[in-house]
Every structure is written in C-alpha cells, then in structure tokens.
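Just below is one structure, and these are the notes that go with it.
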Amino acid sequence: MTNFDLEKIVDTSDEWITLRTGIKERRIAEEDIATSDLAYKAAVIALKEGGLSSDQIDYIIVATATPDMFFPSTACIVQDKLGAKNAGAFDLSAGCSGFIYSLVVGSQMIATGMYEHILVIGAETLSKFMDWTDRNTCVIFGDGAGAVLLGTVEEGKGLISSCMGSDGSGGDMLKLPAGGAKMPATTETLNKRLHYIKMEGREVFKYAVRYMSEAVENALEKCNLTSEDIDILIPHQANLRIIQSIGKRLKLKDDQIYINVDKYGNTSSASIIIALSELVDNGRLKENDIIAMTAFGAGYTWASAVLKW
Ligand code: COA
C-alpha cells in the first residue's frame, strides 16, 4: 500500500507522510492471512537456510503484539503448522522491542547449555488492528515477519551484550485499549473504536529517540566497545526522523545505519529481523562484523543487542 493509496482513504498526502516519517509504502496482509501465516512462512525459510528439520527445534518464541488470538499462542499455531513435535512454544509481548527481547531470551536458553536450537520469530499483522479513519496511526504501520534460528556459536561470537528496560508509566501513550480483561468487548467499546491502536505520536517520538540511543550506549559499554566499532546499526524501523536522531546522538555515519522504513513502515516486532534478513540476503554482513540493534515500543519497553557475526 503506497502513500498515494492512503491519500484515497484518509486526509493525508504523500508529501506529509514522506517528510514526517520517511515511509513511502507498507505491506498489508490479505483478509484471510493472520500473524501465524506470516510467521510460519518466515520459519520455513529460516529452517531451510539453516539446514534443520522442524523436529530439531527445542523452542519456538514468537515476538508479536498482534497475535492470532489471546490463546492459544501464535507460537503454538506455528508449532503445529511446522510439525515441530519436540518444541516448546510461547509468545513474547514487548511491543516493538519484542524481537530483541526474544533474541536475548532465546540466546540465554542456549547459553545455559540446556537447549540447542531456538526458533525466534518476529511477526505482526498490525493492519488488522488499525483504525483506517485515524490518519495519526494508519499511515505508520505495516505487516511483516522474519525468523532466525539460534544455535551454539564459537566463543566470543553471537550475542555479546544486551540491554533491556521498561517504563509502564508510558503505557497510555501507545495502546490497544479494549478487548482485554480491563475493558472486555461490548457494543460500546466497538462503537467508540477502542479495539484499534491509539497513539500519542509526539510523546512516543521523544522517548523513542532517548531510550533507543541510551540502550545502544549501555550495551556497547558492557562489552567495552564504542559506537565507532559498530559495522551496522539496525534500529527498529519506526520513523526515519527517529532513526536519524539516534544516528546523530551516537555520532554514526550514514553507512553505519540500516534503513528500510521507506518500504515497510513500522512492522513492530518484525522490523529488526526483516532488516537483518535483508542484510544477509544482500551479502552485506562479513564475518566478525559488529551488529548493534535497538528498539523501543509499547509498554514502554526498550532493548538493544550487540552481536558479533
Ligand atoms: N497526514 C497529514 N497530517 C497529519 C497526519 C497525516 N497522516 N497525521 C497527523 N497530521 C497532522 C496533525 O493533525 C497535526 O495537525 P495540526 O498541527 O493542525 O494539529 C500535524 O499533522 C502535526 O502533527 P504531529 O503529531 O505533531 O506530527 P509529528 O511531526 O509528531 O509526526 C508522527 C507525527 C506520528 C509521524 C510522529 O510523532 C512519530 O513518528 N511518532 C513516533 C511514532 C512511533 O514511532 N510509534 C511507534 C513506536 S514503536
């Protein structure tokens, strides 16, 4: 869906969206496609590229803010579709920071020596929860999924540092108010359009820049690196201006930052793994490259990770 398509739906323009967000187009899942369908497709590709069969997976973690249902978990739906008969499965909900949270959790499960292969998936169909009459939100988000297979790597490689945080006092700034235990679905909640994503964009913007930058600084400090050591930063693709502000705060050069928000919009838990997947496909990652990732999202939550490739 391009910005021009959106011009026909709400009072907006390609110029406004491009200037304020850097987004030109986003992917929208078809009506009968749910988060688990995208997650499953990504998982199949990851398994194929990793040369593993589904019965070799020990755990499936699906990072998502837009699960198929409250329960069963989307991870269990994916487990069934894959026939991953030896795998435990659960969803991880940490807003747009969900992928990094899941990556850290999965990596630690392997680091303990208790598990061998963990499938971490970031998958979202945000379009299903979008108020297509609200120009403040519907121009920003998109659908997508990606998956990564975690396994043992040689000492000093893989995830070498991370930082995670939360501040629940910011919860009202980005939320899906109704449909949960606090506000169960009623005719009134439906009429008030409370089953859609609500966001105070300006507030979220300020905190996103601050916490995504600080999270990278913290994680770098923990592993005795500086921003100069970063070969590629993969920021959560929320908004081009947020990404540029982070780049400035961390004193990064343009070629140290990966950007694809123009093509996909904000795909929440899927954004970082989609970017990582593109970097792999484009042959852009070399052995021993230092990759930093950082994200911020609903909760508030934030997270960063430093990897040696
Ligand atoms: N098209 C045209 N005009 C729009 C618009 C749209 N899609 N959406 C909002 N506007 C208008 C507003 O109504 C406002 O008009 P007014 O000045 O007459 O009141 C004006 O544009 C400025 O709105 P504002 O909200 O201050 O714009 P902004 O520069 O903060 O940009 C966001 C809005 C949402 C793009 C920006 O705040 C943002 O990206 N925030 C972070 C969102 C995010 O990343 N969320 C997920 C985090 S994981």
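- Between F99 and V120, the closest side-chain pair of non-hydrogen atoms falls below 4.5 Å.
- A donor-acceptor pair under 3.5 Å is formed between the side chain of D91 and the backbone N or O of T74.
- A donor-acceptor pair is defined here as one N or O able to donate and one able to accept, closer than 3.5 Å; no such pair exists between the side chain of H236 and the backbone of T294.
- One N or O on the side chain of D289 and one on the backbone of K286 form a donor-acceptor pair closer than 3.5 Å.
- K157 NZ: more than 12 foreign heavy atoms inside a 6.0 Å radius.
- Follow the hydrophobic side-chain contacts under 4.5 Å out from L52 and you reach V78 in the same cluster.
- Results of the side-chain hydrogen bond (donor to acceptor under 3.5 Å, both in side chains) test with R26 over D5, D143, N3 single out N3 as the only residue that passes.
- When I259, I242, N266 are each tested for a side-chain contact (heavy atoms from CB on, under 4.5 Å) with Q237, only one passes: I259.
- Contact of the D80 side chain with the I77 side chain is not registered, since no non-hydrogen atoms from C-beta on lie closer than 4.5 Å.
- Crowding of K222 atom NZ: a count of heavy atoms from other residues, nucleotides or ligands under 6.0 Å exceeding 12.
- For E7 (side chain) and D14 (main-chain N/O), a donor-acceptor pair under 3.5 Å exists by modelled atom type.
- No single ILVMFWY cluster, assembled from side-chain heavy atoms under 4.5 Å apart, contains both I273 and L82.
- Paired with E124 under the rule side-chain hydrogen bond (donor to acceptor under 3.5 Å, both in side chains), one option of T64, T35, T267 passes, and it is T64.
- Here the shortest heavy-atom pairing between A123 and S269 reads N-CB, 4.5 Å.
- The local environment of CD in E228 is sparse, with at most 12 non-hydrogen atoms from other residues, nucleotides or ligands closer than 6.0 Å.
- With S162 contributing its side chain and A305 its backbone, the two residues share no donor-acceptor pair below 3.5 Å.
- When every heavy atom of I121 is checked against every heavy atom of A43, the shortest pair comes out as CD1-CB, 3.9 Å.
- With hydrophobic clusters built from ILVMFWY side chains whose heavy atoms lie under 4.5 angstrom apart, L126 shares a cluster with I23.
- K128 contributes a side-chain N or O that, together with a main-chain N or O of E31, makes up a donor-acceptor pair within less than 3.5 Å.
- Side-chain atoms of R27 come within 3.5 Å of backbone atoms of K263 as a donor-acceptor pair (strictly under, hydrogens ignored).
- Linking ILVMFWY side-chain heavy atoms closer than 4.5 Å, directly or via other members, places V306 and I246 in a single hydrophobic cluster.
- Between L103 and the choices V148, I272, L276, the side-chain contact (heavy atoms from CB on, under 4.5 Å) rule is met once, by V148.
- Heavy-atom neighbours of N282 CG from other residues, nucleotides or ligands within 6.0 Å: above the threshold of 12.
- Nearest heavy-atom pair across V209 and R249 is CG1-CD, 3.9 Å.
- One finds a salt bridge joining R135 and D11 here, because a Lys/Arg side-chain nitrogen approaches an Asp/Glu carboxylate oxygen to under 4.0 Å.
- Residues M183 and L194 form a side-chain contact, since some pair of their non-hydrogen atoms from C-beta on lies under 4.5 Å apart.
- Rounding to the nearest 0.5 Å places CD of E278 at 4.5 Å from CG of N260.
- In this structure, Y211 and Y207 have parallel ring planes: the angle between them is below the 30° cut-off, well short of the 60° mark.
- With a 4.5 Å cut-off on side-chain heavy atoms, S304 and N218 do not count as touching.
- Ring pair W302/F296 is parallel by interplanar angle, where below 30° counts as parallel and above 60° as perpendicular.
- Electrostatic pairing of R193 and D134 does not count as a salt bridge here, judged by no charged N lying under 4.0 Å from a carboxylate O.
- Annotation: the span from W132 atom CH2 to I9 atom CD1 amounts to 6.0 Å, rounded to 0.5 Å.
- Remark: L92 CG to Y101 OH distance equals 8.5 Å, nearest 0.5 Å.
- Remark: side-chain polar atoms of T21 are not paired, donor with acceptor, to backbone N or O of T18 under 3.5 angstrom.
- For NZ of K41, the number of neighbouring non-hydrogen atoms (other residues, nucleotides, ligands) closer than 6.0 Å is 12 at most.
- The backbone N or O of K253 sits less than 3.5 Å from a side-chain atom of Q256, completing a donor-acceptor pair.
- In terms of modelled atom types and a separation under 3.5 Å, the side chain of N86 and the main chain of D55 share a donor-acceptor contact.
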